[in-house]
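What follows is one structure encoded as structure tokens, with my remarks underneath.
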Amino acid sequence: MEAGGPAVVSQWDECFQAAVQVAQRAGQVIRKAFTEEKHVSTKTSAADLVTETDCLVEHLIISELRKQFPSHRFISEEATAAGAKCELTSSPTWVIDPIDGTCNFVHGFPNVAVSIGFAVHQELEFGVVHHCMEERLYMARRGRGAFCNTQRLCASRETDLSKALILTEIGSKRDPATLKLLLSNMEQLLLAKAHGVRVIGSSTLALCHLAAGAADAYYQFGLHCWDLAAATVIIREAGGIVMDTTGGPLNLMARRVVAAGTQKMATLIAQALQPISCGQDDQA
Ligand SMILES: O=P(O)(O)O[C@@H]1[C@H](O)[C@@H](O)[C@H](O)[C@@H](O)[C@@H]1O
Ligand SMILES: [Mg+2]
Ligand SMILES: [Mg+2]
């Protein structure tokens with residue numbers, strides 16, 4: 001493009017800009033509510049919390065995006081919890097977690113984020129994750145690199161499990177059999193001499209830390225498509241790998257993931273895990 005020539009407008013520019021703007025506005029609402037009294041309800045278990053701010057922020061995001069893009073489809077955490085169908089079609093689809101880290105939000109623990117992913121023909125085009133308590137905006141568009149604010153992100157190159165910092169999440173399924181498998185998986189990785197295993201209470205922020213090279217791998221059974229969508233683009237554009245726990249390609253709806261800076265690390269993690277059955281987002 002010659003200097004001063006018309007800006008090249010590529011497809012989905014307008015959607016990406018709208019995602020950045022509404023993620024920032026949502027972050028302002030969450031930051032304001034962070035220190036205020038909260039009305040807490042539970043969903044699938046006593047550990048699966050939701051507040052009025054989750055619902056308010058989800059409504060703010062969707063109503064703004066629907067105004068600009070009325071033909072688009074939406075998948076979001078709280079609408080799904082209220083019975084909406086969770087189905088990724090070939091239509092332009094927004095995949096939204098209004099507050100990832102609601103339990104943290106309720107307790108005043110600052111790992112809290114807004115996650116907005118966007119897919120067309122079931123392919124992820126961009127992701128925006130706003131770490132609203134630290135004013136960090138993680139973002140990536142397919143083929144154009146990953147960034148945190150203005151800093152380019154590069155995932156870890158580590159291939160040795162005994163030199164790895166590994167992130168995971170506990171989720172809200174707390175029956176004894178699930179907890180036994182969950183702790184056994186952590187034990188296997190620690191017996192393999194991993195430097196450490198960390199749980200920070202927000203899967204989407206943990207995945208962004210991986211994209212930034214601050215950890216070497218992430219795995220989880222039980223997260224949702226709205227946790228994964230945006231962060232998957234960010235990790236891939238940072239040079240990382242996001243795949244199914246079986247070692248096959250990622251299925252956004254399968255509620256399980258292994259992510260790492262390198263394919264070798266991702267494979268080593270997947271091989272160490274015992275599977276935990278958590279259903280699928282697109283199966284009621
Ligand atoms: O806060 P929500 O969005 O309900 O849940 C978050 C992640 O989605 C979930 O995967 C993770 O396990 C949980 O710790 C975190 O709060
Ligand atoms: Mg949430
Ligand atoms: Mg979440």
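Source: prediction; values computed, not measured. Every number for a ligand or one of its atoms is a count from 1 in the order of the listing.
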May I ask you to list the atoms of ligand 1 that are less than 4.0 angstrom from any heavy atom of Leu223?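 With Leu223 as reference, the close atoms of ligand 1 come out as 10 (O).
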Could you tell me which atoms of ligand 1, counted from 1 in the order shown, lie closer than 4.0 angstrom to a heavy atom of Thr102?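 With Thr102 as reference, the close atoms of ligand 1 come out as 1 (O).
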Taking [X] first and then [Y], would you say they form a salt bridge - that is, a charged N and a carboxylate O separated by under 4.0 Å?
X	Y	value
Glu158	Lys264	no
Arg141	Asp13	yes
Lys180	Glu187	no

Just going by heavy-atom distances, which of Glu77, Lys173, Glu169 is nearest to atom 13 (C) of ligand 1? Glu169
Can you tell me if Lys43 contacts ligand 1 (heavy atom of the residue under 4.0 Å from the ligand)?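 Checking ligand 1 against Lys43, which is what was asked, there is no heavy-atom contact under 4.0 Å.
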Would His224 count as a contact of ligand 1 if the rule is a heavy atom under 4.0 Å away?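 In this structure, His224 fails to qualify as a contact of ligand 1 - no heavy atom is under 4.0 Å.
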For ligand 1, the portion of Asp227 having any non-hydrogen atom under 4.0 Å away: side chain
Which one holds for Val199 and ligand 1: side chain close, backbone close, both close, or neither close, with close meaning a heavy atom under 4.0 Å?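 Within the 4.0 Å criterion, Val199 makes no contact with ligand 1.
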Which atom pair, heavy atoms only, marks the closest approach of Arg256 to Thr246?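 Arg256 and Thr246 have their closest heavy atoms at NH2-CG2, 3.8 Å.
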Within 45 degrees of the ring normal and closer than 6.0 Å to the centroid, is that where the cationic atom of Lys67 sits relative to Phe69? no
Is any protein N, O or S atom closer than 2.8 Å to the Mg ion (ligand 2), and if so, which? Glu77 OE1, Asp97 OD1, Ile99 O
Using the rule side-chain contact (heavy atoms from CB on, under 4.5 Å), only one of Thr232, Leu210, Leu252, Val233 pairs with Val242; which is it?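 Running side-chain contact (heavy atoms from CB on, under 4.5 Å) over Thr232, Leu210, Leu252, Val233 with Val242 returns exactly one hit, Thr232.
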Heavy-atom nearest neighbour in the protein, as seen from atom 6 (C) of ligand 1, with distance rounded to 0.1 Å: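 Closest protein heavy atom to atom 6 (C) of ligand 1: Asp100 OD1, 3.0 Å.
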Atom 15 (C) of ligand 1: nearest protein contact (heavy atom, Å): Gly201 O, 3.2 Å
Looking only at distances, please establish whether an N/O atom of ligand 1 is found under 3.5 Å from an N/O atom of Ser203. yes
